Amino acid sequence: MLWTAVLSTCFACAMPASAQQASPAPRNEEFDARQLFATTCGWCHSDGGRAAGKGPQLMNTARDDDYLRDRIRHGKSGAMPAFGETFSDAQIDEIIKYIRQLKPHEG
Ligand code: HEC
């Protein structure tokens, strides 16, 4: 009896609290790399990564995925912040996909 009461109480109070505090990092399929890039990376990698800003142009980069992943995770001292704590590996992969599909604006 007591055991059931404790269990259901915990369930009732723990679930909504954690649901309400859901972190802004959504599940991976909802992860919007374009939006994220615009807000987090865009002030250094201009025009969504299509043009150089404080950082280099990323569209059509000749670097391989490992290099991009490493740069995003670890940044570069004095040049680019590290994002390995901010994004999961899966999210970084989404960002790399985003970079790979960049095209010049039409028109
Ligand atoms: C404070 C400015 C700044 C921000 C913010 C920034 N970067 Fe960078 N980024 C740079 C600079 C500067 C370099 C060049 C570093 C070097 O010399 O290798 C760079 C390099 C890169 C590279 C390697 C490109 C290449 O060809 O060498 C990638 C990929 C990259 N950034 C992705 C990102 C992503 C993704 C974000 C956002 C999550 C981001 N950057 C945010 C400044 C920034």
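Hydrogens, waters and symmetry mates play no part in the numbers below; they use all other heavy atoms, side chains included. For clarity, every value in this text was computed on a predicted model and none was experimentally measured. All ligand and atom numbering here is 1-based and tracks the order in the structure.
Protein heavy atom nearest atom 3 (C) of ligand 1, with residue, atom name and distance: Cys44 SG, 2.6 Å. Considering only non-hydrogen protein atoms, atom 23 (C) of ligand 1 sits nearest to Arg71 CG, 3.6 Å. The protein non-hydrogen atom at the shortest distance from atom 37 (C) of ligand 1 is Cys41 SG, 1.9 Å. From the protein, the heavy atom lying nearest to atom 25 (C) of ligand 1 is Arg63 NE, 3.6 Å. Nearest protein neighbour of atom 14 (C) of ligand 1, counting heavy atoms only, is Pro56 CD, 3.4 Å.
For the residue pair Met59 and Arg50, the shortest heavy atom distance occurs at CE-O, 3.7 Å. Contact between Thr86 and Gln91 at its shortest, heavy atoms only, is O-OE1, 4.2 Å.
Using a 4.0 Å cut-off between charged nitrogen and carboxylate oxygen, Arg69 and Asp66 count as a salt-bridge pair.
Considering backbone and side-chain N/O of Trp43, none are found under 3.5 Å from N/O of ligand 1. Polar contact check, Gln57 against ligand 1: no nitrogen or oxygen pair lies under 3.5 Å apart.
In this structure, Thr39 contributes its side chain and Gln35 its backbone to a donor-acceptor pair below 3.5 Å. Remark: side-chain polar atoms of His45 are paired, donor with acceptor, to backbone N or O of Pro56 under 3.5 angstrom. Listed for the Thr40 side chain is no donor-acceptor partner under 3.5 Å among the backbone atoms of Phe37. In terms of modelled atom types and a separation under 3.5 Å, the side chain of Gln101 and the main chain of Tyr98 share a donor-acceptor contact.
Under 4.0 Å from ligand 1, the heavy atoms of Lys54 that appear belong solely to its backbone. Only the side chain of Leu58 comes within 4.0 Å of ligand 1, counting heavy atoms alone; its backbone N, CA, C and O stay farther away.
Compare Tyr67, Phe87, Phe83 by their heavy atoms: the one nearest to atom 41 (C) of ligand 1 is in Phe83.
At least one N, O or S atom of His45, from either the backbone or the side chain, sits less than 2.8 Å from atom 8 (Fe) of ligand 1.
Cation-pi geometry between Arg63 and Tyr67 is met: the NZ or CZ atom falls under 6.0 Å from the ring centre, inside 45° of the normal.
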